[in-house]
Amino acid sequence: MLIVLIVLGVRALGGDEVGSGTATAQPPTNSTTPGGGPSDGPPGSELGNATGQAKTATDRLQGAGFQCSDLFNGAQGAHRGCFKYDGATSAEVVFQFQPDGTIIGVQLRSEDPDNVNNAAVTFDAALQAIGVDTFGSSEVAKVQQAVRGGEKNGKVGSTWGEFRLSNYGDRLLLSGGKSGTDTFEVPRKQFQTTEAQLIAALRAKKYTCTSLCKRPVGKYGSQTIDGYGGSNGGRLSSFNIRVSGEAADVKAAMPAAISDGFAAVKGPDVKALEAFATAHSDGKSYAGYVSGWRVEITGNRIGSDFGSLNISIRPELFYV
């Protein structure tokens, strides 16, 4: 079920496992500023200005194959995410920085359910890319020692600030905030459509709706669409589309699934989100920020003939 994607997203960003309760300041103006250099992220995401530590970290991460985009970037500061997919390995470095480029909060994740070593190698490379200039080599070494020493869940003190580390072998998470600073709040996003309205719109398109709305694809596959509007089923704060089945059927069905899904939700961001999803429905995996939303598109191969493509849209989560 697509709701699994939401759970993984929360875990990936720390959730209750990696949060130290650092205070938050009001978010800067939600905009990007041209002139910060060409974006290495996929179309629909942009990079604004960055100097100092933030620019150095971005350059190093992009050099390592990460795609970066800004959730917001204004006169008071910015929130940037850099994402990478390499086979079964996925990684992200999400950080906030002040106008002079000083990084004040960071979340780092590396995950590979098939290979623990790949997860560790990718984690270490991402840590060095952002950490050597931001935290200092000696502080990076403290985190590395905690990982190599088998630390599973705990705090790692440093002169930069306090880190929280979770190490599950195939999934490593690190978060931390710079001492004496407050990170920025991230935008709270909602569509104008409620759960009931989503279901009604999809039933009109011949979807069968229970906990999610489903329609068959080919002989063995299906396309499913669902959204979450909180405990009272109110306006949607997350939205998911998934197509699975024989590879050729998935490819053929995805355009209609995207069209059906986005036609069923309303809001000022829908056109930009649909354009991003359409441009990245090639079966590969992508992640980035679009109109203040976090969008993850995950392609999976199941054997040689079967596959799936998942589109998850939700607000960003940032706990340091």
Side-chain angles (χ1 to χ4, degrees), residues 13-14 22 25 27-28 31-42 45-86 89-110 120-147 156-165 172-184 186 287-289 316 318 320:
L13 286 167
T22 301
S31 63
T32 54
T33 304
S39 170
D40 196 35
S45 58
E46 298 179 2
L47 283 182
N49 283 325
T51 59
Q53 293 175 352
K55 185 178 188 307
T56 298
T58 302
D59 289 346
R60 288 175 176 169
L61 289 165
Q62 288 179 325
F66 284 75
Q67 296 177 325
C68 303
S69 57
D70 287 346
L71 183 69
F72 55 77
N73 190 327
Q76 294 174 294
H79 177 114
R80 180 164 293 178
C82 296
F83 309 92
K84 181 179 181 179
Y85 294 91
D86 184 7
T89 306
S90 62
E92 64 185 62
V93 181
V94 179
F95 56 99
Q96 294 188 348
F97 55 94
Q98 296 172 332
D100 65 356
T102 299
I103 293 175
I104 59 174
V106 62
Q107 291 180 161
L108 192 158
R109 174 189 64 87
S110 175
V121 169
T122 302
F123 178 87
D124 191 65
L127 173 64
Q128 292 190 63
I130 192 171
V132 170
D133 189 64
T134 302
F135 317 135
S137 297
S138 61
E139 310 310 292
V140 168
K142 291 179 182 178
V143 177
Q144 291 173 322
Q145 181 57 44
V147 173
V156 180
S158 79
T159 58
W160 180 79
E162 186 175 82
F163 295 105
R164 288 188 63 85
L165 171 70
L172 296 98
L173 307 167
L174 182 75
S175 71
K178 181 176 174 62
S179 298
T181 65
D182 294 337
T183 54
F184 304 113
V186 296
Y289 300 124
E316 175 65 292
F318 191 73
V320 299

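Only heavy atoms go into these numbers, but all of them, side chains included; no hydrogens, no water, no symmetry mates.
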Least distance between heavy atoms, Gly176 atom then Phe163 atom: CA-CD2, 3.9 Å

Gln53 versus Gly101, closest heavy-atom pair with distance: CB-O, 3.4 Å

Heavy-atom pair of closest approach, residues Ala146 and Leu165: CB-CD2, 3.9 Å

Test item: Asn73 and Phe97 side chains (from C-beta on) under 4.5 Å apart, heavy atoms: yes

Heavy-atom side-chain proximity of Val94 to Val106 below 4.5 angstrom: no

Smallest separation among heavy atoms of Ser158 and Lys142, with atom names: CA-NZ, 4.1 Å

Taking every non-hydrogen atom, the tightest pair across Val186 and Glu316: CG2-O, 3.4 Å

Ring centers of Tyr289, Phe83 separated by less than 6.0 Å: yes

Where Cys68 and Gln62 come nearest, the two heavy atoms and their spacing: SG-CG, 3.9 Å

Leu47 side, atom CG; Gln67 side, atom CD - distance, nearest 0.5 Å: 10.5 Å

Note, Phe184 side chain near Ile104 side chain (heavy atom, < 4.5 Å): yes

Distance, nearest 0.5 Å, that separates SG of Cys82 from CZ of Arg60: 13.0 Å

Derivation of the side chain to side chain contact (heavy atoms under 4.5 Å, CB included) call for Arg164 and Val156: CA-CA 6 Å; Arg164 288 188 63 85; Val156 180; over 6 Å; no

Contacts of type salt bridge (Lys or Arg N to Asp or Glu O under 4.0 Å), residue Asp86, not counting sequence neighbours: none

Flag for Ser69-Arg80: side-chain donor and acceptor within less than 3.5 Å: no

Flag side-chain contact, heavy atom, 4.5 Å: Asn49 against Lys55: no

Phe318-His79 aromatic ring centre distance below 6.0 Å: yes

By side chain to side chain donor-acceptor pair (under 3.5 Å) - contacts of Thr56 (at least two apart): none

Close side-chain approach of Leu61 and Phe95, heavy atoms under 4.5 Å: yes

Donor-acceptor pair, side chain of Lys178 and main chain of Thr183, under 3.5 angstrom: no

Main-chain N/O of Thr102 paired to Asp100 side chain as donor or acceptor, under 3.5 Å: yes

Show me the side-chain donor-acceptor pairs of residues 122-132 shorter than 3.5 Å, one per line, residues at least two apart or across chains.
{"unit_1": "Thr122", "atom_1": "OG1", "unit_2": "Asn118", "atom_2": "O", "d": "2.9"}
{"unit_1": "Asp124", "atom_1": "OD1", "unit_2": "Gln144", "atom_2": "NE2", "d": "2.7"}
{"unit_1": "Asp124", "atom_1": "OD2", "unit_2": "Gln128", "atom_2": "NE2", "d": "2.8"}

Gln96 side chain near Thr181 side chain, heavy-atom distance below 4.5 Å: no

Atom pair CD/OG of Glu162 and Ser175 - distance to nearest 0.5 Å: 9.5 Å

